[in-house]
Protein chains: 2
Amino acid sequence: MEKDAGDVREYGEKMQRFFDSRRRMPSFSELMVLWGYKTKSAVHYRVEQLLEAGFISKDRSGHLLPQWETGVRLLGLVEAGFPSPAEEELLDVMDFDQYLTPNKESSYILKVKGDSMIDAGIQPGDMVIVERKAQYKPGSIVVANVDGEYTMKYLRKTAGTPPAGGFFLEPANKNYKPIYPSESFRIEAVVIAVVRKY
Amino acid sequence: MEKDAGDVREYGEKMQRFFDSRRRMPSFSELMVLWGYKTKSAVHYRVEQLLEAGFISKDRSGHLLPQWETGVRLLGLVEAGFPSPAEEELLDVMDFDQYLTPNKESSYILKVKGDSMIDAGIQPGDMVIVERKAQYKPGSIVVANVDGEYTMKYLRKTAGTPPAGGFFLEPANKNYKPIYPSESFRIEAVVIAVVRKY
DNA sequence: GAGTGTATAGAACGTTCGTTCTGTAGTCAA
DNA sequence: TTGACTACAGAACGAACGTTCTATACACTC
């Protein structure tokens, strides 16, 4: 048995490529074309193999469901090291789309210019994901409009109790100075994530 | 006309939530339940409205296709500022999954421990996406196995021409020292992206 | 060469899909 | 009160879907 486990995986990979590009599972007719068969029963034969192999599954109506992990394998700390192939199935996976933007409606992506937040680990060229909110809490990194220009800073609370509003903006770079509300700024969004690609 | 444009959007949003959770478009029968109708023709009536509104579209076989952007809106530099609702449709969008892990097979995610790369903008607690490769180039950030422990450093080339192999590991933190091949290390993967979430 | 298992073709079937047509209750305006 | 329009219900239809059964061509074994 399983003399052609390699072949079976080949068929599965073709289906996986279809899913990756079209973002949905193929129908039997589409698999017919994709796999080069002339009948749906030949497709059914192959699908049955993939089902037994656990590569795919079905919903109540017979439509195919992907069974492979759609995310990326998640390792522990850097110290933990890389897993052996046998350990791979124990790993968690991650879906970046849902992890980074749980609320797509109010989320935006900004490309960072300038080094005013470099000590916070945000470098020029990085992308930050920001979210518009009704209220902003001190301690978070916010994008604010100061005199018509947009800037990214820490949101801080002044020491005194709130007669003067009590907020100011603090950069994470010694070469820049804090911005106080006398100059009147408006907070536009809060940074919820940073993404850098090399 | 369009006396109930608000209602139409409500139906669209319900469909969008279905798509977000199930990762596929609903069928007419499913929309029937989702929208609380007793017949598919009522669904057809609503779907026609959403089609005219450009909220969805159809493929050749009549199945529904999402027409809304599935990614996140991409703004320019921080200086550019936020767009008005009218400008929104001009924005690009981004899909983080494809952007961050173009090659899911050989990609892993690691959680960073320690501050040895803090001057490179990689802080403890950040997640780095690494990729296994056949060869690694100097200048990139790599994850290496040094005496059984895993560590993340810059990969550098020694000044002299390559008799001694010519590679060493350099941290991005003055408090740590470079690691030279005399201690014999093995490079496991290269860092292709950094993700931090607040 | 007879038997067995694999891999496909071909045809037929019931279900689900999206479509279409007819009907009707309700609203609004003339 | 009539007419036009909206928002559904209900039924019927063809196309596409996944399933199943039979047949066949080929390889391998005994």
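The basis for the numbers below is simple: all heavy atoms, side chains too, and nothing from hydrogens, waters or symmetry mates. As the structure is a prediction and not an experimental result, all values here were calculated from the model.
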**Study point:** Length of the line joining A:Arg46:CZ and D:dG18:P, which is rounded to integer Å
**Key:** 18 Å
Review point. To the nearest Å, how far apart are B:Met15 CE and C:dG18 P?
Key: 12 Å
Review point. Please give, in whole Å, the distance from D:dC8 P to B:Phe28 CZ?
Key: 15 Å
Exercise for review: Figure out the CZ/C1' separation between B:Arg24 and C:dT16, and round it to whole Å.
Suggested key: 13 Å
Review point. A:Val194, A:Ile141: one ILVMFWY side-chain cluster at the under-4.5 Å cut-off?
Key: yes
Practice item. State whether A:Gln49 places a side-chain N or O below 4.0 Å from either non-bridging phosphate oxygen (OP1 or OP2) of C:dA7. Key: yes
Practice item. Look up atom CH2 in A:Trp35 and atom CE in A:Met15, then write down how far apart they are to the nearest 0.5 Å. Key: 5.5 Å
Point to revise | Any residue meeting side-chain hydrogen bond (donor to acceptor under 3.5 Å, both in side chains) with A:Tyr45, in chain and number order, not counting sequence neighbours | key: none
Point to revise | DNA chain C-proximal residues of residues 30-43 of chain A, any heavy atom under 4.0 Å | key: A:Tyr37, A:Lys38, A:Thr39, A:Ser41, A:Ala42
Check your understanding: When the distance from CG of B:Asp59 to C1' of D:dC17 is rounded to whole Å, what number comes out?
Key -> 13 Å
Practice item. In plain terms, say whether A:Arg46 and A:Glu48 are close enough for a salt bridge, that is, a side-chain N and a carboxylate O under 4.0 Å apart. Key: no
**Study point:** Nearest to side-chain heavy atoms of B:Tyr45, which nucleotide of C:dC17, C:dT8, D:dT6
**Key:** D:dT6
**Study point:** From CE (A:Met25) to NE2 (A:His63), nearest 0.5 Å
**Key:** 11.5 Å
Exercise for review: Applying salt bridge (charged side-chain N to carboxylate O under 4.0 Å, His left out), name anything that partners B:Glu170, two or more places apart in sequence or on another chain.
Suggested key: B:Arg156
Check your understanding: Just how far, in rounded Å, is C1' of C:dT15 from NZ of A:Lys58?
Key -> 14 Å
Check your understanding: In whole angstroms, how far is the P atom of D:dC17 from the NE2 atom of B:His63?
Key -> 7 Å
Practice item. Ignoring backbone atoms, test whether B:His44 places a side-chain nitrogen or oxygen under 4.0 Å from the OP1 or OP2 oxygen of C:dG18. Key: no
Review point. Roughly how many Å is it from CG in A:Leu64 to P in C:dT16, rounded to a whole number?
Key: 16 Å
Point to revise | Neighbour count >12 (heavy atoms, 6.0 Å) for atom NZ, A:Lys38 | key: no
